[in-house]
Visitor: 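Provided herewith is a single structure, encoded as structure tokens, for subsequent inquiry.
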Amino acid sequence: MVSQPYLKKGTWTINEDQKLIAYIMRYGIWNWNEMPRFAGLQRSGKSCMLRWMNYLRPNIRRGNFSREEEETIIHLQKELGNRWSAIATRLPHRTDNDIKNNWNTRLKKRVISENDKSVPASTTEIYSSVEENSPDADSSSLLNIPTTADFPEPSTCSQGST
DNA sequence: AAGCGGTGCAACCGCTTCTAT
DNA sequence: CATAGAAGCGGTTGCACCGCT
């Protein structure tokens, strides 16, 4: 495939986020592979999908997992294994990637060490006030989205939306 | 004050599954 | 029913930041 002469990688910029959000708000999601071109992004469809799913979607809550959330993750991980998307469905405002990261970086170690010591969880005091963030503070609300951006019409690509 | 090591987060890659033709 | 394309999932890697020596 040589549909893209150059595909940017690495950290997304605010400008790229704005373009993607504005495009999806205006035209919706119709084809991840084609959308980046119309949105004026030098990104792969996969990269756009990942960015949207994990950070730009509305009602996403990131960081500062509450004690309840972490215990839920631990419990579900025992039940379901590493089915992060399944676990994420039980935590509506969390993404599978965020849950996976939290597990890999924190919870796994904690569970292992607790199992090793075979003592009740002494983690309660670790959590202080971690309930500060709200779903309202999702990423998109922090961006100044140009909702009237003049994107080319996706219909020119013979897509079949509705 | 500088360097080193550890931790956590964001993103990419490859594989699998699902849907349409 | 088979094949191709798109989407989704999980594992892994790289980078940035923070704390310690």
Side-chain angles (χ1 to χ4, degrees), chain A residues 1-21 23-24 27-67 69-114 116 122-123 125-135 137-143 154-162:
Chain A
M1 300 297 185
V2 286
S3 57
Q4 294 287 351
Y6 168 73
L7 289 178
K8 189 179 173 187
K9 291 184 181 181
T11 309
W12 280 63
T13 65
I14 296 291
N15 188 41
E16 288 176 311
D17 285 346
Q18 288 176 346
K19 281 185 179 177
L20 182 60
I21 293 168
Y23 187 86
I24 290 174
Y27 298 111
I29 297 166
W30 51 280
N31 183 318
W32 284 117
N33 286 325
E34 299 295 331
M35 280 166 53
R37 280 217 302 271
F38 291 95
L41 292 165
Q42 276 71 50
R43 293 278 184 173
S44 69
K46 243 181 161 178
S47 182
C48 292
M49 181 181 72
L50 190 75
R51 186 64 181 172
W52 173 257
M53 296 296 188
N54 288 332
Y55 301 98
L56 301 179
R57 268 188 308 172
N59 299 324
I60 281 186
R61 189 177 169 180
R62 297 202 292 122
N64 289 339
F65 279 73
S66 69
R67 182 185 166 219
E69 286 176 317
E70 294 198 343
E71 288 183 349
T72 300
I73 293 167
I74 291 169
H75 176 71
L76 291 174
Q77 203 278 339
K78 282 180 186 172
E79 276 191 4
L80 305 172
N82 295 353
R83 307 295 179 208
W84 307 118
S85 60
I87 293 173
T89 63
R90 307 286 191 93
L91 296 166
H93 298 296
R94 297 294 189 178
T95 69
D96 56 348
N97 201 46
D98 212 15
I99 292 169
K100 177 174 62 180
N101 277 333
N102 194 40
W103 171 263
N104 284 333
T105 58
R106 300 180 59 188
L107 300 182
K108 184 163 69 176
K109 296 172 190 172
R110 182 179 307 160
V111 168
I112 289 171
S113 103
E114 284 174 3
D116 186 50
S122 58
T123 57
E125 58 269 33
I126 294 175
Y127 305 93
S128 50
S129 54
V130 294
E131 314 283 353
E132 323 171 351
N133 59 345
S134 69
D138 61 86
S139 303
S140 59
S141 68
L142 301 174
L143 300 168
S155 57
T156 61
C157 192
S158 67
Q159 46 81 33
S161 63
T162 55

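Only heavy atoms go into these numbers, but all of them, side chains included; no hydrogens, no water, no symmetry mates. Everything quoted here is computed from the prediction, not taken from an experiment. Letters A, B, ... are given to chains in the order of the sequence lines, protein chains preceding strands, and every chain is numbered from 1.
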Visitor: Among dA7(C), dG8(B), dG8(C), which nucleotide has an atom closest to any side-chain atom of Asn33(A)?
Guide: dA7(C)
Visitor: Grab the CG-P distance between Leu80(A) and dC9(C) for me, whole Å please.
Guide: 14 Å
Visitor: Do the charged groups of Lys8(A) and Glu16(A) touch, with an N to O distance under 4.0 Å?
Guide: yes
Visitor: Taking Arg94(A) for its side chain and Ile60(A) for its backbone only, find out whether a donor-acceptor pair lies under 3.5 Å.
Guide: no
Visitor: Sort out the partner of dA1(B) for me: Watson-Crick or G-U wobble, both distances under 3.5 Å, none otherwise.
Guide: none
Visitor: Whole angstrom is fine here: how far is it from CD1 in Ile29(A) over to C1' in dG8(C)?
Guide: 13 Å
Visitor: Within the distance-only criterion (no hydrogens, no angle test), does the side chain of His93(A) pair as donor or acceptor with the backbone N or O of Arg61(A) below 3.5 angstrom?
Guide: no
Visitor: So, is the end of the Arg43(A) side chain (NZ or CZ) under 6.0 Å from the ring centre of Trp12(A) and within 45° of the ring's axis?
Guide: yes
Visitor: Identify the heavy atoms of Cys48(A) and Pro36(A) that sit nearest to each other, and give their distance.
Guide: SG-CG, 3.6 Å
Visitor: In this structure, how many angstroms lie between the P atom of dG8(B) and the NZ atom of Lys108(A), rounded?
Guide: 12 Å
Visitor: What string of B, S and - do you get for nucleotides 13-21 of chain B 5' to 3' if you count protein non-hydrogen atoms under 4.0 Å?
Guide: SBB------
Visitor: Between protein and nucleic acid, restricted to nucleotides 11-13 of chain C and to nitrogen or oxygen atoms under 3.5 Å apart, what atom pairs and distances do you find?
Guide:
from    : atom 1 : to        : atom 2 : distance (Å)
dG11(C) : OP1    : Asn82(A)  : ND2    : 3.0
dG11(C) : OP2    : Trp84(A)  : NE1    : 3.0
dG11(C) : N7     : Lys100(A) : NZ     : 2.6
dG11(C) : O6     : Lys100(A) : NZ     : 2.9

Visitor: Are Tyr23(A) and Trp52(A) close enough, and set up right, to give a ring pair (Phe, Tyr, Trp, His ring centres under 6.0 Å), and what steps lead you there?
Guide: CA-CA 11 Å; Tyr23(A) 187 86; Trp52(A) 173 257; over 10 Å; no
Visitor: I need the single residue from Ile74(A), Leu80(A), Leu76(A) that forms a side-chain contact (heavy atoms from CB on, under 4.5 Å) with Lys78(A). Which is it?
Guide: Ile74(A)
Visitor: Which one, dA10(B), dC9(B), dC12(B), comes nearest to the side chain of Arg43(A)?
Guide: dC12(B)
Visitor: Between dG8(C) atom P and Ile87(A) atom CD1, what is the distance in whole Å?
Guide: 19 Å
Visitor: On a heavy-atom basis, which atom in Tyr27(A) and which in Trp30(A) lie closest, and how many Å separate them?
Guide: O-CD1, 4.2 Å
Visitor: Under the salt bridge (Lys or Arg N to Asp or Glu O under 4.0 Å) rule, collect the residues that match up with Lys46(A), sequence neighbours excluded.
Guide: none
Visitor: Restricting to non-hydrogen atoms, name the atom on Ala88(A) and the atom on Asp96(A) that form the minimum distance, rounded to 0.1 Å.
Guide: CB-N, 3.8 Å
Visitor: When you measure from the side-chain N and O atoms of Arg106(A) to the phosphate of dT7(B), is any distance below 4.0 Å, counting only OP1 and OP2?
Guide: no
Visitor: Just checking Ser47(A): base, sugar-phosphate only, or nothing, at a heavy-atom cut-off of under 4.0 Å?
Guide: sugar-phosphate
Visitor: Using only side-chain N and O atoms of Ser85(A), determine if any of them is under 4.0 Å from OP1 or OP2 of dG10(C).
Guide: yes
Visitor: Hey, does the side chain of Trp32(A) come within less than 4.0 Å of dG5(C)'s phosphate (OP1/OP2), counting only N and O?
Guide: no
Visitor: Rounded to the Å, how far apart are Asn102(A) CG and dG8(B) P?
Guide: 9 Å
Visitor: Without decimals, in angstroms, what is the distance between Met53(A) CE and dA6(C) C1'?
Guide: 12 Å
Visitor: Which whole-number value in Å describes the distance from Ile73(A) CD1 to dG10(C) P?
Guide: 14 Å
Visitor: Round to a whole Å and report the spacing from CG of Leu107(A) to P of dT7(B).
Guide: 15 Å
Visitor: When you measure from the side chain of Thr105(A), which nucleotide among dA10(B), dC9(C), dC9(B) comes out closest?
Guide: dC9(B)
Visitor: Quick one: label Gly10(A) by what it contacts on the DNA or RNA (base, sugar-phosphate, nothing), any heavy atom closer than 4.0 Å.
Guide: sugar-phosphate
Visitor: With a non-hydrogen cut-off below 4.0 angstrom, is Met49(A) in contact with a base, only sugar-phosphate, or nothing?
Guide: base
